[in-house]
Amino acid sequence: MTALPPTAPRPRLSMTWLGIVPFVIFALLFLLLPTMKIVVGAFQNAQGEFTFANVAQLFQGSIPAYYLISIKISVASSLFGCLIGFAVAASVTLGGLPKVIRAPLMTFSGVASNFAGVPLAFAFLATLGRLGLVTMLLKSWFGINIYGLGFNLLSFWGLTLTYLFFQIPLMILIITPALDGLKREWKEAASILGATGPQYWRMVALPILFPSLLGTFALLFANSFGAVATAYALTGSSMSIVPIVLFAQIRGDVLQDPHLGYALAFGMIVVTGVANGIYIWLRTRSERWMK
């Protein structure tokens with residue numbers, strides 16, 4: 001008699017998978033299902049019939065101008081956020097500043113990068129509004145009226161300045177690990193070959209960091225493009241950016257067309273999806289150099 005081969009044990013589902021169940025439920029209820037509803041609603045009319053009319057309206061009237069001003073604010077805040085954040089992170093990681101500064105800076109950056117919405121708008125109004133603390137101090141102590149010189153917090157540059165409060169810390173958090181990944185051997189090899197400091201940055205460091213910098217710029221762009229609470233609390237309806245127009249459409253304040261609101265949200269999903277896709281792709285490329 002021949003012995004029967006031993007049967008393979010049945011695979012058992014590990015209990016450790018239960019740990020991610022709350023996350024899966026949260027992502028399903030508050031991310032995936034709402035996104036699917038937006039995408040489906042963008043291609044439906046009031047009767048629930050399939051149509052391209054809602055998406056076609058994105059290219060008509062004043063809607064392209066809403067997207068344009070939103071893109072301009074996102075580009076401006078992302079560009080200045082990258083430049084200032086990179087300078088701060090480089091000063092702490094590579095500039096020879098005391099190491100005790102790094103921990104408080106990273107802690108503040110972690111908090112400030114998530115500080116937005118009504119509290120941030122109120123903070124800037126109380127600081128740089130027409131009766132803000134800094135505005136009145138400059139006027140009473142130095143005779144400088146920033147609003148008389150053309151500054152306006154409820155404008156393009158005012159909103160961009162407000163966005164920088166969370167854009168700069170986010171840049172610091174993301175680019176600091178990339179700066180830490182620059183190997184000392186690369187700088188030593190460049191020095192041995194006769195390269196100066198600026199030449200090392202121009203020919204070695206910046207080409208290696210370029211994917212990370214460009215990817216972080218794309219992430220900051222997506223972060224700014226989707227911000228609505230801060231802009232609405234600060235400017236109300238005076239600044240016609242896409243998130244505010246979308247908010248008004250969903251509430252029915254303007255055209256009372258929720259399906260057009262779905263189309264506006266669908267356009268924002270496309271823009272932010274492309275920006276995040278570029279960030280993920282460039283981050284993957286930059287990590288190859290850091291290994």
Side-chain angles (χ1 to χ4, degrees), residues 30-31 66-89 92 103-139 146-147 149-176 216-251 253 264-265 268-269 271-272 275-276 279:
F30 296 97
L31 181 61
Y66 301 153
Y67 276 94
L68 182 60
I69 186 65
S70 298
I71 291 174
K72 286 182 177 180
I73 292 176
S74 299
V75 170
S77 64
S78 302
L79 180 61
F80 286 106
C82 284
L83 292 176
I84 300 175
F86 179 81
V88 174
V92 174
L105 175 66
M106 300 304 292
T107 302
F108 171 79
S109 298
V111 175
S113 61
N114 293 284
F115 184 71
V118 177
L120 179 60
F122 174 77
F124 269 81
L125 286 172
T127 304
L128 291 174
R130 290 188 176 274
L131 298 177
L133 176 63
V134 174
T135 304
M136 300 307 296
L137 288 179
L138 290 175
K139 187 176 181 179
I146 58 176
Y147 281 84
L149 296 176
F151 175 80
N152 186 5
L153 187 62
L154 311 181
S155 64
F156 174 90
W157 289 111
L159 187 58
T160 301
L161 178 64
T162 306
Y163 280 1
L164 287 178
F165 187 87
F166 56 81
Q167 294 283 68
I168 294 174
L170 183 59
M171 175 65 178
I172 294 174
L173 289 175
I174 297 175
I175 204 63
T176 297
T216 307
F217 175 86
L219 182 63
L220 294 182
F221 175 89
N223 186 48
S224 175
F225 190 79
V228 57
T230 302
Y232 188 80
L234 185 67
T235 65
S237 58
S238 62
M239 180 70 68
S240 296
I241 61 176
V242 176
I244 293 180
V245 176
L246 168 62
F247 182 64
Q249 284 287 347
I250 295 297
R251 292 197 312 172
D253 290 350
L264 289 168
M268 292 184 63
I269 291 174
V271 174
T272 55
N276 282 303
Y279 165 71

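Sequence positions, counted from 1, serve as the residue numbers for this chain. These numbers come from the heavy atoms of this one structure, side chains and all, not from hydrogens, waters or symmetry mates.
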> Side chains of Val271 and Val242: does their closest heavy-atom pair fall under 4.5 Å?
Replying inline: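 With C-beta onward as the side chain, the pair stays apart.
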* From Phe217 atom CZ to Leu79 atom CG, the distance as rounded to the nearest 0.5 Å ->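 Going from CZ on Phe217 over to CG on Leu79, the span is 6.0 Å.
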Checklist entry - Does the side chain of Tyr147 come within less than 4.5 Å of Leu153's, by heavy atoms? => result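 In short, these two side chains touch, coming nearer than 4.5 Å.
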Indicate every side-chain donor-acceptor pair of residues 124-136 with a distance under 3.5 Å to a residue at least two apart or in another chain.
residue : atom : partner : partner atom : Å
Thr127  : OG1  : Ala123  : O            : 2.7
Thr135  : OG1  : Gly129  : O            : 2.8

What is the minimum heavy-atom distance between Thr176 and Ala89, and which atoms define it?
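That closest heavy-atom pairing would be OG1-CB, 3.7 Å.
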For Leu105, which residues count as a side chain to side chain contact (heavy atoms under 4.5 Å, CB included) partner, sequence neighbours excluded?
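Expected list: Val88, Val92, Ser109, Ile172.
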Next on the checklist: Going by side chain to side chain contact (heavy atoms under 4.5 Å, CB included), name the residues that satisfy it together with Leu220, two or more places apart in sequence or in a different chain.
Outcome noted: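 Side chain to side chain contact (heavy atoms under 4.5 Å, CB included) list for Leu220, sorted by chain: Ser78, Cys82, Gln167, Leu170, Met171, Thr216.
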**Request:** Mind telling me whether Phe225 and Phe221 have parallel, tilted or perpendicular rings, with 30° and 60° as the class edges?
**Result:**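 Phe221 and Phe225: parallel rings.
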**Q.** Atom pair CD1 (Ile73) and OG (Ser224), whose distance is rounded to the nearest 0.5 Å
**A.**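 Answer rounded to 0.5 Å: 7.0 Å.
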Could you tell me if the side chain of Leu264 sits less than 4.5 Å from the side chain of Tyr66, heavy atoms only?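 The answer is no; the side chains never approach within 4.5 Å.
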In Å, rounded to the nearest 0.5 Å, how long is the span from CD1 of Ile241 to OG of Ser74?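 OG of Ser74 is found 8.0 Å from CD1 of Ile241.
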How many angstroms lie between CH2 in Trp157 and CZ in Phe80, if you round to the nearest 0.5 Å?
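Output value for this atom pair is 5.0 Å.
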- Look up atom OH in Tyr232 and atom CG in Leu246, then write down how far apart they are to the nearest 0.5 Å.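 Result: 12.5 Å between the selected atoms.
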